[in-house]
K.L.:
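Could you have a look at this structure, given as structure tokens, before my questions?
Keep in mind the model is a prediction, meaning the values are calculated, not measured.
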Amino acid sequence: MLDRKFIVDHCELVKQNCANRGVPVDVDRFVELEQRRKARQVEVEQLNRQANEISKSIGKAKDPAEREARKEQGRQLRGRTQALQAELEQLAGELDTLQRRIPNLSHPDAPVGADDQANLELFRGKTPPATFAFPPLDHVQLAEKLDLVDFESGAGVAGHGFYFLKNEAVLLELALQRYAVELLAREGFTPVTTPDLARNEVLAGTGYIPRGPETQIYSIENSDLSLVATAEITLGGMLAGQTLDAERLPLKFCGISHCFRTEAGAHGRATRGLYRVHQFTKVEMFAFTRPEQSEAMLDHLRDMECRLFDGLGLPYRVVDTATGDLGGPAYRKFDLEAWMPGRGEFGEVTSTSNCTDYQARRLNIRFRVKGEKGTRFLHTLNGTAIAISRALIAILENYQQADGSVLIPEVLRSWVGKERIEGVST
RNA sequence: GGAUGGGUGGCCGAGUGGUCUAAGGCGGCGGUCUUGAAAACCGCUGUGGGCGCGAGUCCACCGGGGGUUCGAAUCCCUCCCCAUCCGCCA
């Protein structure tokens, strides 16, 4: 979330930004409520001071009658304070709801636009899309021919959107994890495996909404836990409430988790096969930086994504995400879209965001500079290294051969243990 | 899951209803002394917020939330976490 004072002081800017992002929030109401809240706070503090003085004087009073009189006085004061306090809390609650709805500011270079139609292509990857001398199949057809994914059983066991990976698809999943983690570890990312569940408070701190009609989140009944939609949630929550020494920054992690998404309201949109599923495995990058480091870190995360996909020999383009498509926490976001011959279009495979201090403020993660007074919020960034399900789509569709087999990308061969997925002869 | 003991400032640690304005120590910063350093001694040393041009000053914070009381680090309820033991388990 944004700083309360900042919102009041830069009301017009915030309003314009909300408009650019297509987020309807009553910023004027926020400003008005905040002013009322401040006024109430001053009153409450004054009454508290008086009540404290009286309480102290009771301890020192010798005369019992005097004590009783003071006590009565104290009771009355505290009674008044309580009413005001309740009002203050009510205001604060309302403000908090509004404040959480206000999205992060947007990078001046981020293209302004309502949705992904306005995304700006920046550049393409090293590998050009293959030209096929035959009509390319999509990954669902390939997976069926090569016995790689069992969608029917997945649906039977857990419902539509769940699946079993089989045979080489399993080896590919493991190989992709290994490939990503090794490359990232060499670049100074600390590898971690993370909880697949998190407290709703942590979800909210990262900008995810655990409950409600539009939620993308599965929640666990009779608990305040939810299944995570990405390791971004747990990695961000990892340092919640902490104050770090500035010299320790930046910190880089890569976390492996399963990701669970209800995909409410997404039916009918690219739901075929592995593209939009309720569960997948992901290797996620996450960084904590000082504010002046975060722009360079975003480029670094984007570079890592490019290196991973160039290394896999997959064609892709990188887009600068439009303001309307940024979501709440991101200040700037780059998506990497792989070419998917089966669909004949680019499809998002990774995404990296600079969330500046938006998540840190909610999660209360700060840093301290030696010799400086006070603390400041650090910046958080996240980026997909490999989302297995979508990477599988890109690999299967781009590496398919005329004979129906699929080549394994060179960098994965040692882990998969073969160079080609052969069709089962029937 | 059961039992017990805990959670206090950057760290250790005292504090069971009112000079807590949180003792004491360690660490850190500044100073005195010294050729320099160490030691010794003296002073300062948390976070967030309000008001003020400012020196300042006030409010809140002792794991989170709630309660009792004129007054809570301290008493009560509840949740979370940590330690140890027991049970169960991959």
K.L.:
State the pairing partner of B:A40; accept Watson-Crick or G-U wobble contacts with both distances under 3.5 Å, and report none otherwise.
P.N.:
B:U32
K.L.:
Between A:Asp224 (CG) and B:C81 (C1'), how many Å, whole number?
P.N.:
13 Å
K.L.:
Work out how far the C1' atom of B:G66 is from that of B:C82, and round it to whole angstrom.
P.N.:
23 Å
K.L.:
Nearest whole angstrom, please: distance from the C1' of B:A72 to the CD1 of A:Ile58.
P.N.:
14 Å
K.L.:
Looking only at atom C1', what distance separates B:C85 and B:C76, rounded to whole Å?
P.N.:
28 Å
K.L.:
Grab the two heavy atoms, one from A:Asp357 and one from A:Phe377, that are nearest each other, plus how far apart they are.
P.N.:
CB-CB, 3.9 Å
K.L.:
Given the P atoms of B:A23 and B:G10, what is the spacing between them in whole Å?
P.N.:
14 Å
K.L.:
Who does B:G1 pair with, Watson-Crick or G-U, both distances under 3.5 Å?
P.N.:
B:C86
K.L.:
Looking at B:C80, B:G18, B:U47, which one has an atom nearest to any side-chain atom of A:Thr375?
P.N.:
B:U47
K.L.:
Which base, if any, makes a Watson-Crick or G-U wobble pair with B:G9, both distances under 3.5 Å?
P.N.:
none
K.L.:
Quote, to the nearest angstrom, the P distance that separates B:G71 from B:C59.
P.N.:
15 Å
K.L.:
Can you tell whether the side chains of A:Arg29 and A:Glu94 come within less than 4.0 Å, N to carboxylate O?
P.N.:
yes
K.L.:
Considering Watson-Crick and G-U wobble pairs with both distances under 3.5 Å, what does B:C62 pair with?
P.N.:
none
K.L.:
Please determine if A:Lys15 and A:Asp28 form a salt bridge, counting it only when a charged side-chain N lies under 4.0 Å from a carboxylate O.
P.N.:
yes
K.L.:
Any Lys/Arg nitrogen of A:Arg49 or A:Glu45 sitting under 4.0 Å from an Asp/Glu carboxylate oxygen of the other?
P.N.:
no
K.L.:
Which value, in whole Å, describes the distance between the P atoms of nucleotides B:C11 and B:A37?
P.N.:
31 Å
K.L.:
Could you tell me how far B:U84 sits from B:C77 if I compare only their P atoms? Round to whole Å.
P.N.:
26 Å
K.L.:
Within this structure, what is the CG-to-P distance between A:Asp357 and B:G48, rounded to whole angstrom?
P.N.:
14 Å
K.L.:
Which nucleotides of nucleotides 50-67 of chain B have their base under 4.0 Å from a protein heavy atom (B), which only their sugar-phosphate (S), and which neither (-), written as one string 5' to 3'?
P.N.:
S-------SBS-------
K.L.:
In plain terms, say whether A:Glu201 and A:Arg199 are close enough for a salt bridge, that is, a side-chain N and a carboxylate O under 4.0 Å apart.
P.N.:
no
K.L.:
For B:A72, give the paired nucleotide (Watson-Crick: N1-N3 plus N6-O4 or O6-N4; G-U: N1-O2 and O6-N3; both under 3.5 Å), or none.
P.N.:
none
K.L.:
If we take the C1' atom in both B:G63 and B:C81, what is their distance in whole Å?
P.N.:
7 Å
K.L.:
How long is the line joining CD of A:Glu68 and P of B:U69, in whole Å?
P.N.:
14 Å
K.L.:
Expressed in angstrom and rounded to an integer, what is the separation of A:Phe377 atom CZ from B:U47 atom P?
P.N.:
14 Å
K.L.:
Of A:Asp320, A:Thr323, A:Thr321, which meets side chain to side chain donor-acceptor pair (under 3.5 Å) against A:Arg332?
P.N.:
A:Asp320
K.L.:
Above 12 or not: heavy atoms from other molecules or residues under 6.0 Å from CD of A:Glu410?
P.N.:
no
K.L.:
Round to a whole Å and report the spacing from CD of A:Glu72 to P of B:G71.
P.N.:
12 Å
K.L.:
Could you please name the partner base of B:G27, counting Watson-Crick and G-U wobble pairs only when both distances are under 3.5 Å?
P.N.:
B:U45
K.L.:
Find the distance A:Arg368:CZ to B:G9:P and express it as a whole number of Å.
P.N.:
12 Å
K.L.:
Could you tell me whether A:Arg100 and A:Asp96 have a side-chain N and a carboxylate O separated by less than 4.0 Å?
P.N.:
yes
K.L.:
With nearest nucleotides of RNA chain B determined for A:Ala51 and A:Arg199 from heavy-atom distances, which residue corresponds to the more 5′ nucleotide?
P.N.:
A:Ala51
K.L.:
When the C1' atoms of B:C62 and B:U8 are considered, how many whole Å apart are they?
P.N.:
4 Å
K.L.:
Taking atom types as modelled, find out whether A:Asn364 and A:Arg366 have a side-chain donor-acceptor pair closer than 3.5 angstrom.
P.N.:
yes
K.L.:
Does B:G52 have a Watson-Crick or wobble mate here (both distances under 3.5 Å), and if so which one?
P.N.:
none
K.L.:
Of A:Gly74 and A:Gly374, whose closest RNA chain B nucleotide lies nearer the 5' terminus?
P.N.:
A:Gly374
K.L.:
Nearest whole Å is fine: how far is B:G49 P from A:Asn364 CG?
P.N.:
11 Å
